[in-house]
Amino acid sequence: MPDTLDITVEFTGGLEMLFSNQRKHAISLPSREEDGNPATIAFLVRYLCQSVMKDRRKELFVLDDTVRPGILVLINDADWELEGEDKYEIQKRDNILFVSTLHGG
Amino acid sequence: MSPTEDVDAYVLRLRRQVRAAEVQLRDLRRQLVQAEKQADEARNLNKNHDRGLPFAQQSKRLAVLRNIGQEQGYEGHTNGTEDRSQYARSKRRWPLRKEEYKRYGRQLIMPEIALEGQLRLRSCSVLVVGVGGLGCPAALYLAGAGVSTVGLVDGDTVEESNLHRQILHSTEKIGMSKVDSAAEQLRSLNPLVNYVSHREHLTPQIALQMFDRYDLVLDCTDHPTSRYLISDTCVLLQKPLVSASALRTEGQLMVLNNPPRAAGDVTGGPCYRCVFPRPPPAESVTSCGEGGILGPVVGVMGVLQALEAIKIIVAGIPKPFDADRNIDISTVGREEASDASAPTQDPPSLLLFSAYTSPPFRSVRLRSRRKDCMACSASATITRASLTSGSLDYAQFCGVVNPVSVLEKDSRISANDYDAQQSMLEWFRQTRGSEVYGAMTDTIVDVREKVQFDLCHFDRAINVPWSEILADDEPLKRALEDLSARRQITVVCRLGNDSQLAVRKIRELRRRGGAIGSVETDDSLVMDIEGGLRAWTRDVDPEFPEY
């Protein structure tokens with residue numbers, strides 16, 4: 001197994017503002033967590049917070065150790081709840097999209 | 001009378017004539033709708049008894065026709081029953097009125113709509129909640145397509161800042177109820193449709209009663225509280241819901257509760273709570289007023305709502321199962337249509353639109369109904385009673401952001417006092433020389449975003465956006481480091497919220513010293529303008545632009 005997984009992470013619905021105003025990020029994610037387990041969405045979220053997110057307002061992305069309410073996580077264009085939520089094991093070339101819901105109208 | 005007075009009088013006269021003509025036109029339209037309703041009654045009588053009318057009903061039909069005739073000034077041939085029955089026979093051959101064939105011809109000839117689709121549209125009532133950027137285009141296209149009724153809900157009045165996107169309203173309607181403004185415009189587009197005005201904000205107490213008479217609901221509102229309320233009501237009444245939202249350059253669209261099955265029925269479509277069981281933190285919710293919105297972006301989403309609504313209506317909406325009356329599931333419109341003939345349902349999805357991304361549209365798959373959903377699962381806790389009694393507090397559920405109030409009153413300066421202070425200093429500088437009093441010039445820190453700063457700002461102001469201050473201490477340190485610490489620092493923003501937080505941040509940095517230089521603990525030198533630039537325009541300089 002390679003050391004890193006090359007994946008695409010995208011942010012939309014205003015979340016991109018927390019990630020240097022960049023919607024699409026090519027990320028080389030360590031393929032294993034510190035404890036040797038395969039990288040999951042939960043690990044990716046922690047990784048994004050620690051290594052990618054420069055904005056200090058972490059609470060606008062994570063709350064209680066998971067993505068905050070009002071953010072949908074889509075794994076290859078499907079709701080993460082169809083894929084095992086944060087326990088989904090990330091595969092190479094996966095596309096993970098974080099969508100913040102909009103409310104304006 | 002001078003020539004200009006002449007012209008003025010002429011303009012006045014013309015205006016009066018236009019107004020009179022408009023009143024007359026409105027009156028004629030009302031009469032037309034009335035007459036058409038009566039004609040419909042007559043036609044339905046015919047249709048139901050195609051192979052000949054029982055004598056009693058024939059006379060009823062004649063009575064309706066006579067009534068219409070008299071209203072139209074028809075006097076002659078009162079005993080020529082033969083003439084009239086021929087007239088009626090020639091009419092009953094066609095399910096739509098002549099003007100409906102004409103008006104809807106371009107969609108009627110499409111196999112997707114066809115006669116049956118049009119009949120379904122004509123018998124379907126749609127409720128549009130929110131007559132803003134989404135509701136305006138959505139209602140326009142639904143009225144244009146010829147639904148039976150368009151209900152409009154909104155408690156707001158038209159404002160100037162609405163007009164770039166809320167295309168049913170217009171400049172002369174500023175101050176008018178949005179619902180009235182929209183209904184007037186829609187009526188002039190299509191007088192064949194009924195318009196129902198609900199000039200009020202939606203509340204849990206009235207939602208069930210209001211939604212009940214409609215077959216389909218469009219959520220065109222702008223806040224999570226109304227989104228949860230609308231979804232819950234739709235689930236309770238088994239109505240499909242087309243929900244959309246937009247902000248800045250992006251939009252989102254979902255068809256919810258479709259098919260609109262009873263709570264606990266897993267074959268029903270997911271509701272808003274299935275997708276978002278917990279509301280977003282209140283401070284993460286940005287409105288169009290704060291974040292901005294591009295007109296065509298919200299317009300695209302409203303148009304898409306109308307499109308999804310038309311697709312659902314034409315496919316046939318199952319009537320909600322009524323346990324009391326034990327009515328079987330049938331469909332609105334043509335009765336022979338049943339579940340079996342309904343087209344296969346698209347899996348639930350969320351459509352994302354992003355104007356500045358390529359490609360701009362993206363559709364993602366959503367989950368189905370949540371097994372523990374508060375609204376639509378077998379273990380649902382939201383009931384009709386909990387809604388009507390008002391025991392469900394949607395505002396509390398979604399949280400409220402209170403206006404920021406972190407500074408003591410004496411840490412803030414009112415717009416008027418700041419104006420007085422600056423005028424006095426300016427007078428000293430001019431009369432006593434700038435050497436002494438120049439040093440007393442304050443530093444104005446405007447913490448609005450750069451785009452807003454570029455729109456209008458105080459001459460001497462420097463711009464350090466609050467979002468940058470939040471992200472990092474450096475921008476603020478850089479902006480303030482070459483300044484003597486004994487200077488007054490005046491912080492300003494749009495409304496006087498962020499400025500308070502910025503004052504707190506600056507005081508903290510001054511106390512820590514560091515890049516700013518000497519440690520300065522005199523907090524009273526750092527203040528913000530209470531009420532921000534809005535107060536400045538209101539109290540001091542009416543010419544200062546408000547946006």
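In what follows, chains carry the letters A, B, and so on, assigned in the order in which the sequence lines appear, proteins first and then strands, with residues in each chain numbered from 1.
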Please name the pair of heavy atoms, one in [X] and one in [Y], separated by the smallest distance, quoted to 0.1 Å.
{"X": "A/Gly104", "Y": "B/Cys288", "value": "CA-SG, 3.8 Å"}
{"X": "A/Arg57", "Y": "B/Ser467", "value": "NH2-CB, 4.4 Å"}
{"X": "A/Arg56", "Y": "B/Leu470", "value": "NE-O, 2.7 Å"}
{"X": "B/Pro280", "Y": "A/Arg68", "value": "CB-NH1, 4.0 Å"}
{"X": "B/Gln252", "Y": "A/Leu102", "value": "OE1-N, 3.1 Å"}
{"X": "A/Leu63", "Y": "B/Pro281", "value": "CD2-CG, 4.5 Å"}

Contact leader toward chain B among [options], where contacts are heavy-atom pairs under 4.5 Å:
{"options": "A/Pro69, A/Gly70, A/Gly13, A/Gly14", "value": "A/Pro69"}
{"options": "A/Arg23, A/Lys54, A/Glu59, A/Met17", "value": "A/Arg23"}
{"options": "A/Leu82, A/Leu18, A/Asp55, A/Val99", "value": "A/Leu82"}

Item to complete: Check whether any side-chain heavy atom of B/Leu366 lies under 4.5 Å from a side-chain heavy atom of A/Leu72, and answer yes or no.
Response: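 A side-chain contact exists here, since the closest heavy-atom pair is under 4.5 Å.
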
Practice prompt. Measure the shortest side-chain to side-chain distance between A/Thr12 and B/Arg362 over non-hydrogen atoms and say whether it is less than 4.5 angstrom.
Written response: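 No, every pair of side-chain atoms sits at 4.5 Å or beyond.
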
Inspect the surroundings of [atom1] in [X] and state if more than 12 heavy atoms from other residues, nucleotides or ligands are less than 6.0 Å away.
{"X": "B/Tyr141", "atom1": "OH", "result": "no"}
{"X": "B/Tyr356", "atom1": "OH", "result": "no"}
{"X": "A/Asp65", "atom1": "CG", "result": "no"}
{"X": "B/Lys450", "atom1": "NZ", "result": "no"}

Portion of [X] that has a non-hydrogen atom of chain A nearer than 4.5 angstrom:
{"X": "B/Arg370", "value": "side chain"}
{"X": "B/Pro224", "value": "both"}
{"X": "B/Asp472", "value": "backbone"}
{"X": "B/Ile293", "value": "neither"}
{"X": "B/Ser243", "value": "neither"}
{"X": "B/Ser287", "value": "neither"}
{"X": "B/Asn162", "value": "neither"}
{"X": "B/Arg227", "value": "side chain"}
{"X": "B/Ser363", "value": "backbone"}

Worksheet item: At a heavy-atom separation under 4.5 Å, does A/Thr101 approach chain B through its side chain, its backbone, both, or neither?
Response: both

Discussion item. I need the B/Ser284 OG to A/His103 NE2 distance, nearest 0.5 Å.
Written reply: 6.5 Å

Worksheet item: What is the distance from atom CG of B/Leu352 to atom CD of A/Glu10, rounded to the nearest 0.5 Å?
Response: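 The distance works out to 10.0 Å.
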
Worksheet entry | Expected output: side-chain B/Arg165 to main-chain A/Gly105 donor-acceptor under 3.5 Å |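 It does not hold such a pair.
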
Worksheet item: Who wins among B/Arg248, B/Glu250, B/Arg278 for the most heavy-atom pairs under 4.5 Å with chain A?
Response: B/Glu250

